[in-house]
Amino acid sequence: MYNADMFDFSGSNLNAESVSFREELIRHYAKEHNTIFFCNHSAGKDSQAMYHTIKRLVRPDQIVVVHANLGRVEHEGVIEHIEATVDGLPVNVVQNKVKDFIGMVLLRGMFPSPQYRQCTSDLKTGPLDVFIRRVMKERGAKVAFNCIGLRAEESRQRAMKNPLWINKRLTLKPNKKGVVARTVFDWMPIFSLKTNEVFDTIYNAGQTPHPAYGERGEKYSRLSCRFCIMGCKQDIAHGAQTYPDHYAQIIALENVTGHTMFCRKVKGETVPYSLAEKAGIAPDLNAVRMHEAALIAERETLIAQKAERDEEKALARQARAADSAKRANRKRDGLTADMFG
């Protein structure tokens, strides 16, 4: 099966019928023993509510819980919270092998932005795609669902997304016989839920959200990085109070890269907007200076490591090209021998 159009339920015009229809499709695929449902879990409220929605529709042995670790910028107790709320299922942790968020910013020389979310592509999507391919191969699964806790209420851009769609990165093209060896769908199980419904889902399951939220988001409104490029002023200010040393570290990262974490519009012009300006809280300047020195040294190490990797890749390309040329020469010599032999 390779038909994306049949899953085109307009995310901008949600209704109970479309949600019900999607869930019936999920139940249909769940009847296949080898279908896998990858629950991408950040320990956030949406992930937690999503897990319970998935659990209601499919068998526990079909659910694979996976967390993309972001490194030093993660909240405390993330893994522990996931483990405590997934009914004893194993929690698989994936991570970019060469950089975390801070390393990514040091190498790039700038922070990601809402328009260019390199943190998502490099630190989440990439490692998760590798994990999904590997697990599907190990289990001999031909169909899987990549479950994501996005909701239409979060933003106008997200509201326009499709909550059930074929993942073209992970789905293979049909072979000559028309058989698709691997089909992966992106599914957003709680796409239609409002924030209060998300918290209700958690509490109705007899659980509580991650402590960073408070009871219903009066502390942090979202659980991603401690200081997220998408964070509101409340989140940033609360983070500065909760994680003062990490606050100093991210300010030092701004200073070392010469790039602020945020921007804002002033009289129609986009201008830099620093983390300290948004938080409205003065950092420990001694801590900032200490982190600056450490980050400068780390950047030098990362650049040297990247140069080594680039050289290894270049040598590998040269070796492949030489091998290909040898094979072409042998084939040509064989044809010549046939002609004059």
Side-chain angles (χ1 to χ4, degrees), residues 37-58 60-96 100-102 119-120 123-125 127-128 131-132 135 146-151 153-154 187-191 193-232 234-247 250:
F37 294 82
F38 292 95
C39 177
N40 291 286
H41 208 313
S42 68
K45 66 183 189 304
D46 296 327
S47 297
Q48 195 170 342
M50 176 180 71
Y51 168 76
H52 290 290
T53 302
I54 298 169
K55 186 178 74 169
R56 176 171 56 83
L57 298 170
V58 309
D61 63 294
Q62 293 178 294
I63 302 173
V64 174
V65 179
V66 57
H67 171 70
N69 186 282
L70 303 176
R72 291 165 283 182
V73 299
E74 285 210 332
H75 284 270
E76 295 174 354
V78 162
I79 301 298
E80 293 81 1
H81 184 76
I82 299 173
E83 291 175 336
T85 56
V86 293
D87 303 309
L89 291 178
V91 177
N92 300 276
V93 179
V94 299
Q95 191 168 13
N96 187 299
D100 64 359
F101 179 87
I102 291 175
C119 45
T120 299
L123 306 180
K124 293 184 178 181
T125 304
L128 287 167
F131 177 78
I132 289 171
V135 173
N146 179 38
C147 306
I148 309 165
L150 297 186
R151 295 184 296 113
E153 183 191 45
E154 294 177 291
W187 175 37
M188 304 172 192
I190 60 167
F191 191 68
L193 294 190
K194 306 297 184 183
T195 300
N196 65 311
E197 293 174 315
V198 169
F199 283 113
D200 287 345
T201 300
I202 294 170
Y203 285 113
N204 289 340
Q207 298 179 351
T208 56
H210 188 284
Y213 287 107
E215 289 188 6
R216 285 182 174 263
E218 64 273 9
K219 293 182 179 179
Y220 276 97
S221 65
R222 58 188 292 123
L223 191 86
S224 46
C225 298
R226 297 175 183 180
F227 299 99
C228 178
I229 59 170
M230 306 291 288
C232 63
Q234 169 192 314
D235 291 349
I236 301 303
H238 187 74
Q241 296 168 335
T242 307
Y243 302 108
D245 187 65
H246 187 58
Y247 179 55
I250 301 301

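Start at 1 with the first residue, then count along the sequence. The shown structure was predicted, so the numbers you read here are calculated from the model rather than taken from an experiment.
The shortest heavy-atom contact between C228 and I236 is O-CD1, 4.0 Å. P209 and I202 get closest at one heavy-atom pair: N-CG2, 3.8 Å. Closest of all the heavy-atom pairs between H75 and A212 is ND1-CB, 4.1 Å.
Of the possible donor and acceptor atoms, none in the side chain of S221 sits under 3.5 Å from a partner among the backbone N and O of G217. E218 contributes a side-chain N or O that, together with a main-chain N or O of R216, makes up a donor-acceptor pair within less than 3.5 Å. Checking side-chain atoms of Y213 against main-chain N and O of K45 turns up a donor-acceptor pair under 3.5 Å. Remark: side-chain polar atoms of Y51 are paired, donor with acceptor, to backbone N or O of V86 under 3.5 angstrom. Counting only distance, with no hydrogens or angles, the side chain of T53 and the backbone of I190 share no donor-acceptor pair below 3.5 Å. The closest donor-acceptor contact from the side chain of N40 to the backbone of I148 lies at 3.5 Å or more, if one exists at all. A distance-only check finds no donor-acceptor pair linking the side chain of R151 to the backbone of F191 [under 3.5 Å].
The number of heavy atoms from other shown groups lying within 6.0 Å of NZ (K219) does not exceed 12. The local environment of CD in E80 is crowded, with over 12 non-hydrogen atoms from other residues, nucleotides or ligands closer than 6.0 Å.
Considering only heavy atoms from C-beta on, R72 stays 4.5 Å or farther from F101 through its side chain. Looking at heavy atoms from C-beta onward, L193 lies in side-chain contact with T201 at the 4.5 angstrom threshold. The shortest side-chain heavy-atom distance between V65 and I63 falls under the 4.5 Å cut-off. Here the side chains of F38 and Q62 are not in contact, with every heavy-atom distance at 4.5 Å or above. W187 has its side chain within reach of I54: a pair of non-hydrogen atoms, C-beta onward, lies under 4.5 Å apart. In this structure the side chain of H246 reaches within 4.5 angstrom of the side chain of V73, judged on heavy atoms.
Under 3.5 Å, the side chains of S47 and S42 contain a donor-acceptor pair of N or O atoms. Using a 3.5 Å distance cut-off with no hydrogens or angles, the side chains of H52 and Q207 do pair a donor with an acceptor. Using modelled atom types and a 3.5 Å distance limit, the side chains of E153 and T195 yield a donor-acceptor pair.
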Would you please test V93 and I79 for side-chain contact (heavy atoms from CB on, under 4.5 Å) and show each step? CA-CA 9 Å; V93 179; I79 301 298; 3.8 Å; yes

Residues K124, N96; criterion side-chain contact (heavy atoms from CB on, under 4.5 Å); working and verdict: CA-CA 8 Å; K124 293 184 178 181; N96 187 299; over 6 Å; no

Taking it one step at a time, do L150 and D46 satisfy side-chain contact (heavy atoms from CB on, under 4.5 Å)? CA-CA 7 Å; L150 297 186; D46 296 327; over 6 Å; no

Kindly determine whether H81 and H210 satisfy ring-ring contact (aromatic ring centres under 6.0 Å, His included), including the steps that lead there. CA-CA 7 Å; H81 184 76; H210 188 284; 5.4 Å; yes

Before you tell me yes or no, could you show the steps for N146 and I132 under side-chain contact (heavy atoms from CB on, under 4.5 Å), namely the whole-Å CA-CA distance, both residues' side-chain angles and the distance that decides it to 0.1 Å? CA-CA 8 Å; N146 179 38; I132 289 171; 3.7 Å; yes

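Taking the six-membered ring where tryptophan is involved, the planes of Y247 and F227 are tilted, since the angle between them lies from 30° to 60°.
No salt bridge links D200 with K194; every basic N to acidic carboxylate O contact stays at or beyond 4.0 Å. Using a 4.0 Å cut-off between a side-chain N of Lys or Arg and a carboxylate O of Asp or Glu, R222 and D235 do not qualify as a salt bridge.
In this structure, M230 CE and C119 SG are separated by 9.0 Å, a value rounded to the nearest 0.5 Å. Note that SG of C39 is 9.0 Å distant from CG of L89, once rounded to the nearest 0.5 Å.
The only member of Q95, E74, H41 that meets side chain to side chain donor-acceptor pair (under 3.5 Å) when paired with H67 is E74.
A cation-pi arrangement, defined by a distance under 6.0 Å to the six-membered ring centre and an angle within 45 degrees of its axis, is present between R226 and Y243.
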